[in-house]
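In what follows, chains are A, B, ... by sequence order, proteins preceding strands, each numbered from 1. For clarity, every value in this text was computed on a predicted model and none was experimentally measured.
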Protein chains: 2
Amino acid sequence: MKKTDRAAAPGGTAMLVLALLSTGEMYGYQMIEELERRSERVFQLQEGTLYPLLHSLEKDGLVTARNAQAPSGRTRRYYRITTAGQRALEEKEREWRVYAGAVHAVLAGCTP
Amino acid sequence: MKKTDRAAAPGGTAMLVLALLSTGEMYGYQMIEELERRSERVFQLQEGTLYPLLHSLEKDGLVTARNAQAPSGRTRRYYRITTAGQRALEEKEREWRVYAGAVHAVLAGCTP
DNA sequence: CTATATACCTGGATTATCTAGGTATAGTAT
DNA sequence: ATACTATACCTAGATAATCCAGGTATATAG
């Protein structure tokens with residue numbers, strides 16, 4: 001994320017990455033572009049954030065990975081969400097809604 | 001915040017504290033209770049988070065503080081938001097809306 | 001044959017927050 | 001009297017997420 005968008009809400013970046021993967025297999029570099037596109041340029045995920053995160057998601061069994069040849073010939077590492085990953089995504093979405101709702105309630109109390 | 005709600009979105013906790021103060025003067029301990037109440041138990045601000053934060057908000061001129069006797073006799077440190085603090089709050093609210101909107105857009109793209 | 005875009009990776013710094021303490025006073029219960 | 005609880009403020013050190021700045025390597029364009 002950009003500095004100003006640092007520190008997402010509960011499980012923030014992991015949730016966004018899992019959300020991307022729930023739409024289909026993807027490789028790291030592609031996730032950065034996709035996230036930027038789908039957020040209309042708001043989220044600029046850094047490589048130094050993404051790659052270590054993917055490794056820990058893999059270690060936790062939320063995603064699986066495989067190496068494959070791109071049509072271009074370059075090797076890419078494709079990630080796929082697991083069933084556990086889907087469950088984790090749903091849980092994080094729930095938490096996000098609670099969190100965002102609470103922020104809204106506090107802000108609403110200050111501009112009536 | 002509770003561990004699960006760690007790391008709020010852009011300027012998260014500062015925004016919430018400024019939002020509280022925009023409704024009137026308040027002392028630290030009270031902010032913890034008020035935030036918990038207004039968020040319906042979602043946000044449990046920790047003292048170790050709040051007090052250093054208040055000091056840095058004061059240093060940045062976003063709030064001012066004064067000591068005063070409570071009816072009980074105990075001394076409290078009351079905080080008041082400044083004009084610069086109001087401006088900062090508005091800016092943080094704008095950022096929050098952009099951020100939350102982007103999260104929504106990404107999540108919407110995964111459960112059509 | 002060099003520059004740029006693609007593609008992955010890591011170590012160390014930065015920052016926000018938490019944990020776990022500390023101090024002190026007022027009110028309540030024993 | 002004495003201890004316990006709630007109130008009220010504070011800080012040092014640990015933890016965790018993210019960034020920064022680098023590194024490596026291949027394909028494509030000029």
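Checking B/Tyr99 against B/Arg97 by side-chain atom types alone, no donor-acceptor pair falls below 3.5 Å.
Regarding A/Gln46, its CD atom lies at a distance of 16 Å from the C1' atom of C/dG12, rounded to whole Å. In this structure, the CE atom of A/Met26 is 13 Å from the P atom of C/dA7, given to the nearest Å. Between B/Tyr78 atom OH and D/dT7 atom P there is a gap of 14 Å when expressed in whole angstrom units. Rounded to whole angstrom, the span from the OH atom of A/Tyr51 across to the P atom of C/dT10 amounts to 11 Å. A/Leu50 places its CG atom 14 Å from the C1' atom of D/dA17, with the value rounded to the nearest Å. With rounding to whole Å, A/Arg76 atom CZ is found 17 Å from C/dA5 atom P. Between B/Leu53 atom CG and C/dA16 atom C1' there is a gap of 10 Å when expressed in whole angstrom units. Taking atom CZ on B/Arg77 and atom P on C/dT25, their separation rounds to 18 Å, with Å as the unit.
Distances shown here put a side-chain N or O of B/Tyr27 below 4.0 Å from the OP1 or OP2 atom of D/dA8. For D/dT11, one of the phosphate oxygens OP1 or OP2 lies less than 4.0 angstrom from a side-chain nitrogen or oxygen of B/His55. For C/dA16, neither phosphate oxygen OP1 nor OP2 lies less than 4.0 angstrom from any side-chain nitrogen or oxygen of B/Thr49.
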task = Go along nucleotides 22-30 of chain D 5' to 3' and tag each nucleotide: B for a protein heavy atom under 4.0 Å from its base, S when only backbone or sugar atoms are that close, - otherwise.
result = ---BBS---
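Within 4.0 Å (heavy atoms only), B/Gly28 reaches sugar-phosphate atoms of the nucleic acid but no base atom.
For residues 53-64 of chain A, the salt bridge (charged side-chain N to carboxylate O under 4.0 Å, His left out) pairs, not counting sequence neighbours, are A/Glu58-A/Arg77.
Remark: the backbone N or O of A/Arg41 is paired with a side-chain donor or acceptor of A/Gln44 at under 3.5 angstrom.
Using a 4.0 Å cut-off between charged side-chain N and carboxylate O, B/Arg94 and B/Glu91 make a salt bridge. Using a 4.0 Å cut-off between a side-chain N of Lys or Arg and a carboxylate O of Asp or Glu, A/Glu34 and A/Arg37 qualify as a salt bridge.
If you find the closest nucleotide of DNA chain C to A/Thr75 and to A/Pro52, the one lying nearer the 5' end belongs to A/Thr75. Residue B/Glu33 is the one, among B/Glu33 and B/Leu54, whose nearest nucleotide of DNA chain D lies closer to the 5' end (criterion: closest heavy atom).
A/Leu89 CG to A/Trp96 CH2: the interatomic distance, rounded to the nearest 0.5 Å, is 13.5 Å.
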Could you list the donor-acceptor pairs under 3.5 angstrom formed between side-chain atoms of residues 80-87 of chain B and any protein atom two or more places apart in sequence or on another chain?
residue : atom : partner : partner atom : Å
B/Arg80 : NH2  : B/Glu25 : OE2          : 3.2
B/Thr82 : OG1  : B/Gly61 : O            : 2.7
B/Thr82 : OG1  : B/Leu62 : O            : 3.1
B/Thr82 : OG1  : B/Ala84 : N            : 3.4
B/Thr82 : OG1  : B/Gly85 : N            : 3.0

